[in-house]
Amino acid sequence: MKKPLYGIFKILYDHYGPQYWWPAETPFEVMVGAVLTQNTNWRNVEKAINNLKRAGALSSPKKILSMPERKLAALIRPAGYFNIKAKRLKSMVGFYVSTLGVGRKIAGRLKTKRFRDELLSVNGIGPETADSILLYSFGRRVFVVDAYTRRIFSRHGYFASDLGYEHIRRLFEESLPPDAKLYNEYHALIVRLGKDFCRTVPKCELCPLSHERK
DNA sequence: GACCAGGCACATC
DNA sequence: GATGTGCATGGT
């Protein structure tokens with residue numbers, strides 16, 4: 001019998017302690033980072049975010065909207081895919097200003113399901129980016145699934161490696177207490193574990209979960 | 001020089 | 001509905 005997912009959380013938490021996610025100064029910065037980190041090393045994202053900060057582009061969403069796309073792309077160059085991500089940032093910030101409202105008043109009234117659907121309709125925001133924004137920027141109770149989650153838990157036999165995003169998300173949400181703080185910490189711990197051990201080594205004996213393997 | 005990193009949209013079958 | 005491909009930098 002496999003250890004419950006909540007048990008895995010406890011192992012990780014005992015091993016690593018709190019992760020204090022998301023690494024950003026403001027909720028808006030979380031949203032920008034969520035787009036920039038798509039298939040990209042966080043170190044590269046940090047360089048791009050620092051460029052944006054120096055340019056004053058994170059102090060107000062409208063600065064990003066008024067900035068020429070080429071200039072925006074140049075600033076986020078270190079994060080890779082800079083042309084496509086410049087477009088995605090523009091559409092994401094457009095949504096932030098128009099639909100969510102600058103004071104986030106509208107967002108507060110949206111139910112999470114509706115909020116998620118709205119985010120998914122924005123160009124450049126897919127399931128993981130939407131869920132990262134919902135959880136880490138707005139504190140909504142949504143479990144974030146990423147490549148590490150899929151890789152680690154499929155290797156440990158919890159599901160097939162090609163199981164769909166929504167199925168994996170549902171599995172975690174239905175197996176865990178409904179607690180946004182828990183989801184926050186759990187996803188961060190999974191990423192921490194993935195960075196440490198589960199990159200290219202399928203079975204690493206140093207992994208804190210290795211003794212849980214059947 | 002190959003391989004990878006906290007995905008997504010779009011084309012094609 | 002599933003599968004393949006382009007997007008791009010910087011670290012190991």
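As a basis for the values below, the full set of heavy atoms in this structure was taken, side chains included, without hydrogen atoms, waters or symmetry mates. Owing to the predicted nature of the structure, the values given are computational and were not obtained by experimental measurement. Proteins get letters first, then strands, A, B, ... in listed order; numbering begins at 1 in each.
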### Query
Nearest-Å distance, CE (A:Met31) to C1' (B:dG7)?
16 Å

### Message
Any residue in residues 77-84 of chain A with a heavy atom nearer than 4.0 angstrom to DNA chain C? Just list them by number, or reply none.
### Response
A:Arg77, A:Pro78, A:Gly80, A:Tyr81, A:Phe82, A:Asn83, A:Ile84

### Message
Distance check, rounded to the nearest 0.5 Å: A:Leu75 atom CG versus A:Met67 atom CE?
### Response
5.5 Å

### Query
Pick from A:Phe153, A:Phe9, A:Tyr158, A:Tyr165: which one makes a ring-ring contact (aromatic ring centres under 6.0 Å, His included) with A:Phe172?
A:Phe153

#### Entry: Distance (rounded to the nearest 0.5 Å) between A:Asn41 CG and A:Lys195 NZ
7.0 Å

### Message
For a quick check of understanding: with a heavy-atom distance under 4.0 Å over all strands, which category does A:Asp146 fall into, base, sugar-phosphate or nothing?
### Response
sugar-phosphate

### Query
For A:Lys87 and B:dA9, what is the distance between atoms NZ and C1' respectively, to the nearest whole Å?
13 Å

### Task
Would you tell me if any nitrogen or oxygen in the side chain of A:Lys85 comes within less than 4.0 Å of OP1 or OP2 on B:dC8?
no

### Query
Separation of A:Arg169 atom CZ from B:dG7 atom C1', in whole Å?
16 Å

### Task
Could you check how far CG of A:Asn51 sits from C1' of C:dT9, rounded to whole Å?
12 Å

### Message
Taking the P atom in each of C:dA8 and B:dC10, what is the distance between them to the nearest angstrom?
### Response
15 Å

### Nearest-angstrom distance from the residue atom CZ of A:Arg150 to P of B:dC8
11 Å

## Note on the structure
In terms of heavy-atom contacts, A:Gln19 and A:Glu185 come closest through N-OE2, 2.6 Å

### Task
Decide, yes or no, whether a salt bridge links A:Asp117 with A:Lys113 under the criterion of side-chain N to carboxylate O below 4.0 Å.
yes

#### Entry: N/O donor-acceptor pair under 3.5 Å between A:Lys3 side chain and A:Ile8 backbone
no

### Task
Please tell me if the side chains of A:Asp131 and A:Phe143 come closer than 4.5 Å, counting only heavy atoms from C-beta onward.
no

### Query
Is it true that A:Arg169 and A:Glu166 have a side-chain N and a carboxylate O under 4.0 angstrom from each other?
yes

#### Entry: Residue A:Asn39, side-chain atoms from C-beta onward, closest of C:dT9, C:dG11, C:dA8
C:dA8

### Message
Taking NZ in A:Lys90 as the centre, count heavy atoms belonging to other residues, nucleotides or ligands within less than 6.0 Å. Is the count above 12?
### Response
yes

### Query
When the distance from CE of A:Met92 to C1' of B:dA9 is rounded to whole Å, what number comes out?
17 Å

### Query
Expressed as a whole number of Å, how far does the P atom of B:dC3 sit from that of C:dT5?
16 Å

### Task
Can you sort out which residues in residues 120-133 of chain A have a heavy atom within less than 4.0 Å of DNA chain B? Ascending by number, please.
A:Val122, A:Asn123, A:Gly124, A:Ile125, A:Gly126, A:Pro127, A:Glu128, A:Thr129

### Query
Between atom CD in A:Gln38 and atom P in C:dG6, what is the gap in whole Å?
19 Å

### Task
May I ask you to evaluate whether A:Arg151 reaches the phosphate of B:dA5, defined as a side-chain N or O under 4.0 Å from OP1 or OP2?
yes

### Task
Measure the distance from CG on A:Asp196 to C1' on C:dT12 and round it to the nearest whole Å.
15 Å

